[in-house]
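Note sheet for the following structure.
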Amino acid sequence: MPWPSRKRDKGAVADKKEPDAKIAKTEEETSDKEEEEKSAKPPAGSSKSGWKNWKKAKESESGGEESKITYCHWLLKSEPESRLEKGVDVKFSVDDLKAQPNQTTCWDGVRNYQARNFLRAMKLGQQAFFYHSNCKEPGIVAIVKIVKEAYPDHTQFDQKDPHYDSTSRKENPKWSMVDVQFVRMTKRFIPLSEIKAHHLAHKADGGPLKDMMLFTRQRLSIQPLTQEEFDFVLSLEEEKPH
């Protein structure tokens, strides 16, 4: 896959046999820790008022009924800056995705079992945030959608690929990938630091981001989002950056 450091838990590389195939998306082992450190000091101020206003609006729309907690959206991490892994550049930004035929690519190179299971749980048409990872300012830049559900990741069988897995067999492949398509850029860049400020406030007042996996399982390159989490983060598009 061509993504920003593309889809990947441990870094994936473009398959030479399939030029459209993208590289692994994010670096699960080190970059997330760096991102967490970069966001250690969230912006001053509280998100309580914003959360309460958002909650009031959502309750008005739903008649006050609380939505069921299920994962129906996703967050996909990818690296927008060049980084070599076993001699292959795993860079894959949203611009790289937009440059693909039909603005579509496979999300390959994931080598973490939980992230793989999340890939396998994705359904056709579901939307995900495209998240730039392991860069100067990590955050959400775009929205993509699932256009092909999980199928075997070809990079696990390619000995020249950084994500080759000699223990995986074609009759029973270990690793999966999905196809994603660009939907649109977010109205503004939503940085990790801003999302974290809301997460910390929500932990105290019970807001929708209190258990967001971006902060409870930072290293996962594929993360599920509840409808409430997705809607709240999407609402930040309309706010002026802190």
Side-chain angles (χ1 to χ4, degrees), residues 1-33 71-80 83-94 96-97 100-101 104-134 144-182 213-214 217-225:
M1 303 186 49
W3 292 77
S5 92
R6 304 210 233 177
K7 39 206 159 196
R8 116 172 152 243
D9 277 38
K10 289 188 174 179
V13 175
D15 190 330
K16 294 181 180 179
K17 295 181 180 178
E18 296 189 35
D20 289 341
K22 286 122 193 59
I23 307 168
K25 305 289 173 185
T26 176
E27 67 289 70
E28 207 154 271
E29 299 179 330
T30 58
S31 67
D32 286 307
K33 183 178 180 181
Y71 293 127
C72 47
H73 296 282
W74 310 91
L75 183 147
L76 308 178
K77 294 182 179 181
S78 187
E79 299 173 43
R83 182 176 70 82
L84 295 180
E85 184 165 324
K86 297 182 180 178
V88 178
D89 192 348
V90 297
K91 168 189 176 294
F92 194 76
S93 70
V94 68
D96 293 317
L97 171 60
Q100 297 303 304
T104 300
T105 187
C106 58
W107 202 269
D108 58 44
V110 171
R111 296 298 181 268
N112 170 281
Y113 285 106
Q114 185 174 18
R116 178 207 65 183
N117 291 343
F118 287 145
L119 285 173
R120 291 179 176 179
M122 292 177 177
K123 301 301 180 185
L124 201 66
Q126 289 182 335
Q127 293 190 332
F129 287 127
F130 193 107
Y131 180 98
H132 278 176
S133 175
N134 195 31
V144 300
K145 67 179 179 180
I146 309 306
V147 293
K148 184 175 181 179
E149 294 180 6
Y151 61 105
D153 179 348
H154 59 272
T155 65
Q156 65 193 303
F157 306 120
D158 183 356
Q159 295 185 33
K160 296 180 180 179
D161 193 281
H163 301 96
Y164 170 66
D165 185 347
S166 62
T167 67
S168 185
R169 298 289 177 264
K170 290 189 175 181
E171 61 273 16
N172 185 29
K174 286 185 177 181
W175 308 109
S176 301
M177 62 185 183
V178 298
D179 286 359
V180 303
Q181 184 177 51
F182 175 79
M213 201 169 288
L214 185 60
R217 291 299 304 276
Q218 300 97 322
R219 295 189 178 187
L220 280 177
S221 63
I222 308 290
Q223 300 183 359
L225 296 169

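Nearest approach of Tyr71 to Met213, heavy atoms of both residues: OH-CE, 4.1 Å. The minimum heavy-atom distance linking Val110 with Ala115 is given by the pair CG1-CB, 3.6 Å. Considering all non-hydrogen atoms of both residues, Met122 and Val178 come closest at SD-CG2, 3.8 Å. Of all heavy-atom pairs between Leu75 and Ala128, the closest is N-CB, 4.5 Å. Nearest heavy-atom pair across Ala150 and Arg120 is CB-CA, 3.7 Å. Closest approach of Lys174 to Gln156, counting heavy atoms only: N-OE1, 3.2 Å.
Leu119 contributes atom CG, which lies 10.0 Å from atom CG of Asn112 (distance to the nearest 0.5 angstrom). For the atom pair Leu214 CG and Leu220 CG, the distance stands at 10.5 Å (nearest 0.5 Å). Expressed to the nearest 0.5 Å, how far CG of Asp161 lies from CD of Glu85 amounts to 9.0 Å. Atom CZ of Arg111 sits about 8.0 Å away from atom OG of Ser168, to the nearest 0.5 Å. The CG atom of Asp108 sits 5.0 Å away from the NE2 atom of His154 when rounded to the nearest 0.5 Å.
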Could you check Asp153 against Arg116 for side chain to side chain contact (heavy atoms under 4.5 Å, CB included), going step by step and ending with a plain yes or no? CA-CA 10 Å; Asp153 179 348; Arg116 178 207 65 183; over 6 Å; no
Apply the test side chain to side chain contact (heavy atoms under 4.5 Å, CB included) to residues Gln126 and Leu225: give CA-CA distance (whole Å), side-chain angles for both, the deciding distance (0.1 Å), then the verdict. CA-CA 11 Å; Gln126 289 182 335; Leu225 296 169; over 6 Å; no
In sequence, state the C-alpha distance, the side-chain angles, and the governing distance for Val147 and Val180, and then conclude on side chain to side chain contact (heavy atoms under 4.5 Å, CB included). CA-CA 5 Å; Val147 293; Val180 303; 5.7 Å; no
Start with the C-alpha distance between Val88 and Lys86, add both sets of side-chain angles, then the distance that settles side chain to side chain contact (heavy atoms under 4.5 Å, CB included), and finish with yes or no. CA-CA 6 Å; Val88 178; Lys86 297 182 180 178; 5.5 Å; no
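For Tyr151, the side-chain hydrogen bond (donor to acceptor under 3.5 Å, both in side chains) partners two or more places apart in sequence, or in a different chain, are Asp179. By the side-chain contact (heavy atoms from CB on, under 4.5 Å) test, Glu149 is found to be paired with Lys123, Leu124, residues two or more places apart in sequence or in another chain being considered.
Under 3.5 Å, the side chains of Thr155 and Asp158 contain no donor-acceptor pair of N or O atoms.
Side chain of His73 to main chain of Phe129: no donor-acceptor pair is present (N/O by atom type, distance under 3.5 Å, no hydrogens or angles).
In this pair, Phe118 and Trp74 present their aromatic rings tilted. The plane angle is within the 30 to 60° band.
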